[in-house]
Protein chains: 2
Amino acid sequence: MRDKFKRHLRDSGLKVTAPRTEVFEFLEKNDLTTISAVIGHCGGRADRASIYRTIGLFRELGIIHDVVAGGKRMIELSDRFASHHHHLSCLRCGKSEAVSDRVLESDLDRIAQKNGFRQVSHQIEISGICARCQRG
Amino acid sequence: MRDKFKRHLRDSGLKVTAPRTEVFEFLEKNDLTTISAVIGHCGGRADRASIYRTIGLFRELGIIHDVVAGGKRMIELSDRFASHHHHLSCLRCGKSEAVSDRVLESDLDRIAQKNGFRQVSHQIEISGICARCQRG
DNA sequence: TCCTAATTGCGACTTTTTTGCAAATTGGGC
DNA sequence: GCCCAATTTGCAAAAAAGTCGCAATTAGGA
């Protein structure tokens, strides 16, 4: 994925730099994270301003997208750089697990198509109380 | 809905105040908005701090929830105070339209159930290029 | 109407995000 | 491998967003 990422940048006429690689690698290892976590982790090696610029750039390029999980705004790699999935988050313990579901996906496609939308992407977040917390 | 809202507050031992009513009425008229829009609109009649406190309270009470649309964090009334729906947002013109779909809903229920989740809620955002922008 | 707890508005403050600019770096060409 | 131009970085400063303590005000039950 790292090579694909570098190619993606170069193909867009952009440079592969240390802060960009740093942030990308962090996102690869951390599905569903926050901007402050990225700063907390990459902050020693890259300036805060560069991290914000990098995240903004990644958003524009569609490398990442935003999600709200448990009321917090989070970011994650998008489909081209991570396998397509959604999240089930527990409101009590805060953990979230990945979900993939074919039927769901085809419904979403159907809806977009019915409304005349193209180049569609989507994000879903399901929240509730997970099985473990129901017992606890 | 306004009465239901007032009852909801009083039942929770909370007071119906001007800032709270102000913010609620703005949200009723503006599906999917931002905090700064609320401040921009109610700011003359209520203090910024009170608006933040009100929004925080509404979130805790489940009166509103957060959504990300086009990279921006937005808020909207939740199901009990607005009919359950999701959004199709156009990445080009920024407009979003409401969507309701029974099949989609039952799939989401099925997924939560399969994973042992209870008291489930979900949010979905579908984005792409709308029919009008495809022509333009 | 009175009383008390809840809530507001204000102002100061912290945190988060953005911006301008000189210095440093990347990557294509030689 | 070295050079150059364009891009990108780091820094410092500022704007924007959000939080907090507290005295003054207000809602609503008795």
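Model, not experiment: these values are computed from the prediction. We name chains A, B, ... by the order of the sequence lines, and we start the count at 1 in each one.
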Measure the OG-CG distance between B/Ser96 and B/Leu32 for me, rounded to the nearest 0.5 Å.
4.5 Å
Quick check on A/Arg110: does its CZ atom have over 12 non-hydrogen neighbours (other residues, nucleotides or ligands) under 6.0 Å away?
yes
Quick one, give me the B/S/- string for nucleotides 19-30 of chain D, reading 5' to 3', where B means a protein heavy atom under 4.0 Å from the base and S means that only happens at the primed atoms, P, OP1 or OP2.
BBB-----BS--
Just the endpoints, please: which first and last nucleotides of DNA chain C, 5' to 3', lie under 4.0 Å from a heavy atom of chain A?
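Result: C/dT16 to C/dG27.
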List the atom of A/Ala131, the atom of B/Asn115, and the distance in Å for their closest heavy-atom pair.
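In terms of heavy atoms, the two residues are closest at CB-O, 4.5 Å.
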Taking all non-hydrogen atoms of both residues into account, name the closest pair between A/His86 and A/Ile124 and its distance.
ND1-N, 3.5 Å
For DNA chain D, find the residues of residues 19-40 of chain A with a heavy-atom distance under 4.0 Å and give them by number; none if there aren't any.
A/Pro19, A/Arg20
Any salt bridge (Lys or Arg N to Asp or Glu O under 4.0 Å) pairs touching residues 37-57 of chain B, not counting sequence neighbours?
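Only B/Glu22-B/Arg45 qualify under salt bridge (Lys or Arg N to Asp or Glu O under 4.0 Å).
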Got a sec, which residues hit ring pair (Phe, Tyr, Trp, His ring centres under 6.0 Å) with A/His8, two or more places apart in sequence or on another chain?
A/Phe81
Does the side chain of B/Ile111 come within less than 4.5 Å of B/Phe117's, by heavy atoms?
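Not touching, per the 4.5 Å side-chain cut-off.
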Is there side-chain contact between B/His84 and B/His122, with heavy atoms separated by less than 4.5 Å?
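Sidechains of B/His122 and B/His84: in contact.
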Short side-chain donor-acceptor distance under 3.5 Å, B/Glu97 and B/His85:
no
Between B/His65 and B/Glu76, does any side-chain donor sit less than 3.5 Å from a side-chain acceptor?
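B/Glu76 and B/His65 do have a side-chain donor-acceptor pair below 3.5 Å.
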d(CD1, A/Ile55; C1', D/dT8) in whole Å:
16 Å
Once you build an axis from the first five pairs and another from the last five of the helix from C/dT1-D/dA30 to C/dC30-D/dG1, how far apart in angle are they, to 10 degrees?
40°
Can a salt bridge be assigned to the pair A/Arg73 and B/Asp66 using a cut-off of 4.0 Å between side-chain N and carboxylate O?
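Looking at B/Asp66 together with A/Arg73, the answer is no, because their closest N to O distance does not fall below 4.0 Å.
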Between B/Thr34 and B/Met74, is there a donor-acceptor pair closer than 3.5 Å when you use the side chain of the first and the backbone of the second?
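Between the backbone of B/Met74 and the side chain of B/Thr34 there is no qualifying donor-acceptor contact (under 3.5 Å).
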